[in-house]
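Keep in mind the model is a prediction, meaning the values are calculated, not measured. Because only heavy atoms are used, hydrogens play no part in the values below, and waters and symmetry mates are left out as well, while side chains stay in.
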Amino acid sequence: MTQTLFKHAATGVLSLEAYSPGMPIEELQRRLGVSSAIKLASNENPLGCSPRVREALAAAVSGGDMARYPDGSGHRLKQKLAAMHGIEPERITLGNGSNDIIELLGRVFLGPDRAAMFSAHAFAVYPIITQAQCARAVVVPALPASADQPYGHDLDGFARALAAHPDVALIFIANPNNPTGTWLDAARIEAFLSQVPDDVIVALDEAYYEYMAPAIRGDSRAWLDRHPNLVVFRTFSKTYGLASLRAGYSLSSAALADLLNRVRQPFNNNSLALLAAEIALGDQDFVEASVELNTRERERLTKALRARELNVLPSQANFLAIDFGRDAKPVHQGLLERGVIVRPLASYDLPRFLRVSIGTAAENDRFLEALGEVLAA
Ligand SMILES: *Cc1c(COP(=O)(O)O)cnc(C)c1O
């Protein structure tokens with residue numbers, strides 16, 4: 001029945017599996033009747049967002065004119081981002097979350113006769129958009145478990161795959177990567193960029209950039225001037241704590257931004273998201289406090305888990321990937337029953353792993369306690 005009904009649907013879409021997000025707290029309450037659950041499943045900021053954003057949103061909701069379309073050019077937010085990055089506003093593209101940027105890139109650069117390249121165990125949205133565009137996926141095997149960056153991106157492998165697959169139009173690199181938390185040496189990324197031909201677009205996903213230690217962050221802003229085929233994107237969903245509002249952006253050449261703009265929905269950012277992002281940028285103290293908490297708790301949690309002989313991947317993000325050495329499903333289930341929501345990684349081809357977002361100290365303690373019970377059971 002659906003076979004004839006959807007005869008003309010894109011073949012990529014018909015065989016696609018939808019993205020499965022972290023379980024919302026309400027769903028756990030509905031499913032298992034567990035109350036006062038905590039969610040450490042979607043890499044959200046446990047401190048919420050800047051109090052200044054709350055104030056500005058409250059004022060905008062009570063006094064704003066909801067009947068008006070938002071500023072489709074995002075003028076004010078772009079001005080702030082331009083000043084922050086030292087870049088012309090014409091080189092900025094705003095997205096409904098940075099997922100929107102990934103989709104815009106796919107729509108512009110991918111199609112049935114082209115391929116996208118990304119690492120195994122990389123962010124799930126890359127294969128989804130690739131398949132939706134009926135493009136081919138060139139999946140580069142990840143680094144081995146014994147590497148410094150276990151299961152991380154292998155840029156030498158990327159370079160070899162690129163030489164073997166001339167139909168690659170778009171390369172996704174996540175630094176740090178989700179769900180592994182692994183990262184890339186800045187010098188290595190720069191060297192790779194010089195190996196990529198100009199007609200292949202490199203999309204550098206820096207969703208967790210702020211969480212990286214300053215000493216190992218790359219200056220991707222500077223790379224843009226030397227590599228017109230580079231597009232770098234960041235988000236307000238993670239460190240800025242605005243995941244619910246959907247705002248992200250990319251930096252690129254003005255010509256590439258112009259292409260993205262042609263397929264962008266005219267009002268892809270709503271007024272409240274634009275306002276929240278603009279105000280959030282002005283509160284770097286909040287960002288600093290968030291990063292500081294994350295760094296401290298990431299280290300503490302890593303130590304506590306390793307003390308239990310668990311294999312924790314190194315991470316420069318706001319989450320840890322833990323290898324349980326066996327199917328992690330029962331551990332996931334046990335944690336759910338104790339009101340702790342984490343992320344299984346079977347869909348990332350890492351069935352022995354769970355990913356836990358770094359929460360507040362109290363949330364992390366609760367996770368450790370629940371995990372102790374589950375592992376002892
Ligand atoms: C969370 C995340 C994003 C950002 O998602 P938004 O759409 O901005 O909420 C992008 N890339 C990676 C790797 C992520 O983990």
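The minimum heavy-atom distance linking T182 with G152 is given by the pair OG1-CA, 3.4 Å. Considering all non-hydrogen atoms of both residues, D327 and R352 come closest at N-CG, 4.2 Å. In terms of heavy atoms, E206 sits closest to S220 at OE1-OG, 2.9 Å. For the pair V374 and G334, the tightest heavy-atom approach, listed with the atom from each and the gap, is CG2-C, 3.5 Å.
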Steps toward salt bridge (charged side-chain N to carboxylate O under 4.0 Å, His left out) verdict (D225, R91): CA-CA 11 Å; D225 292 334; R91 299 175 61 183; 3.2 Å; yes
Evaluation steps, salt bridge (charged side-chain N to carboxylate O under 4.0 Å, His left out), between E292 and R296: CA-CA 6 Å; E292 200 194 302; R296 185 168 6 106; 3.7 Å; yes
Check against salt bridge (charged side-chain N to carboxylate O under 4.0 Å, His left out), E190 and R226: CA-CA 10 Å; E190 261 200 287; R226 293 193 286 277; 2.7 Å; yes
Residue pair Y19, N99: steps toward the side chain to side chain contact (heavy atoms under 4.5 Å, CB included) verdict: CA-CA 12 Å; Y19 179 83; N99 272 286; over 6 Å; no
Chi angles and distances behind the side chain to side chain contact (heavy atoms under 4.5 Å, CB included) call for I322, V331: CA-CA 11 Å; I322 308 164; V331 183; over 6 Å; no
R160/D156 under salt bridge (charged side-chain N to carboxylate O under 4.0 Å, His left out): CA gap, chis, key distance, verdict: CA-CA 6 Å; R160 283 194 302 274; D156 291 331; 5.5 Å; no
Verdict with supporting geometry, L204 and Y209, side chain to side chain contact (heavy atoms under 4.5 Å, CB included): CA-CA 11 Å; L204 180 59; Y209 182 83; over 6 Å; no
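Under a hydrophobic clustering in which Ile, Leu, Val, Met, Phe, Trp and Tyr are joined whenever their side-chain heavy atoms come within less than 4.5 Å, directly or via other members, V356 and L336 fall into different clusters. Grouping the Ile, Leu, Val, Met, Phe, Trp and Tyr side chains by contacts below 4.5 angstrom, directly or via other members, places L281 with V287. Grouping the Ile, Leu, Val, Met, Phe, Trp and Tyr side chains by contacts below 4.5 angstrom, directly or via other members, places V342 with F324. The cluster map of Ile, Leu, Val, Met, Phe, Trp and Tyr, joined by side-chain heavy atoms under 4.5 Å apart, puts V263 and L259 in the same cluster. Cluster annotation: L5 is connected to L14 through the hydrophobic network of ILVMFWY side chains, with a link wherever side-chain heavy atoms come within less than 4.5 Å.
Under 3.5 Å, the side chains of E44 and S357 contain no donor-acceptor pair of N or O atoms. Of the N and O atoms on the side chains of N270 and R246, not one donor lies less than 3.5 Å from an acceptor on the other residue.
Put simply, the side chain of Q333 reaches to within 4.5 Å of the side chain of L32, judged on heavy atoms. Counting heavy atoms from C-beta on, the side chains of F192 and I171 come closer than 4.5 Å. Residues I87 and R221 form a side-chain contact, since some pair of their non-hydrogen atoms from C-beta on lies under 4.5 Å apart. Two residues are said to be in side-chain contact when any heavy atoms from C-beta on lie closer than 4.5 Å; L245 and L57 meet this criterion. Looking at H121 and L143, their side chains never come closer than 4.5 Å, going by heavy atoms from C-beta outward. Between Y211 and N43 there is no side-chain heavy-atom pair separated by less than 4.5 Å. At a threshold of 4.5 Å between non-hydrogen side-chain atoms, the residues R343 and Y348 count as touching. No side-chain heavy atom of H227 sits less than 4.5 Å from a side-chain heavy atom of V196.
The pair D167-R136 meets the salt-bridge criterion, with a side-chain N (NZ, NE, NH1 or NH2) lying under 4.0 Å from an Asp/Glu carboxylate O.
Ring geometry for F236 against Y240 counts as tilted: the plane angle lies between 30° and 60°, on a 0 to 90° scale. Below 30°, between 30° and 60°, or above 60°: for F353 and Y151 the angle between ring planes is above 60°, a perpendicular geometry.
Grouped with V13 in a hydrophobic cluster is no other residue, since no side-chain heavy-atom contact under 4.5 Å to another Ile, Leu, Val, Met, Phe, Trp or Tyr is found.
Aromatic ring centroids of H85 and Y249 lie under 6.0 Å apart.
Considering CD1 of I173 and NE2 of H153, their distance stands at 6.5 Å, rounded to 0.5 Å. Distance check: S244 OG to L272 CG gives 10.0 Å after rounding to the nearest 0.5 Å. In this structure, CZ on R188 lies 10.0 Å from CG on L193, to the nearest 0.5 angstrom. Between atom CD of residue E369 and atom CG of residue N364 there is a gap of 13.0 Å, rounded to the nearest 0.5 Å. Atoms CD1 and CD, from I25 and Q29 in turn, are 7.0 Å apart once rounded to the nearest 0.5 Å.
Shown are W183, F233, F319, F123; of these, the ring-ring contact (aromatic ring centres under 6.0 Å, His included) with Y208 is made only by F319. For the pairing with L320, the side-chain contact (heavy atoms from CB on, under 4.5 Å) check across L305, L40, L313 returns one residue only, L305. The only member of D100, N96, T93 that meets side-chain hydrogen bond (donor to acceptor under 3.5 Å, both in side chains) when paired with N268 is D100. Among L16, L110, T11, the one residue that satisfies the side-chain contact (heavy atoms from CB on, under 4.5 Å) test with Q131 is L16.
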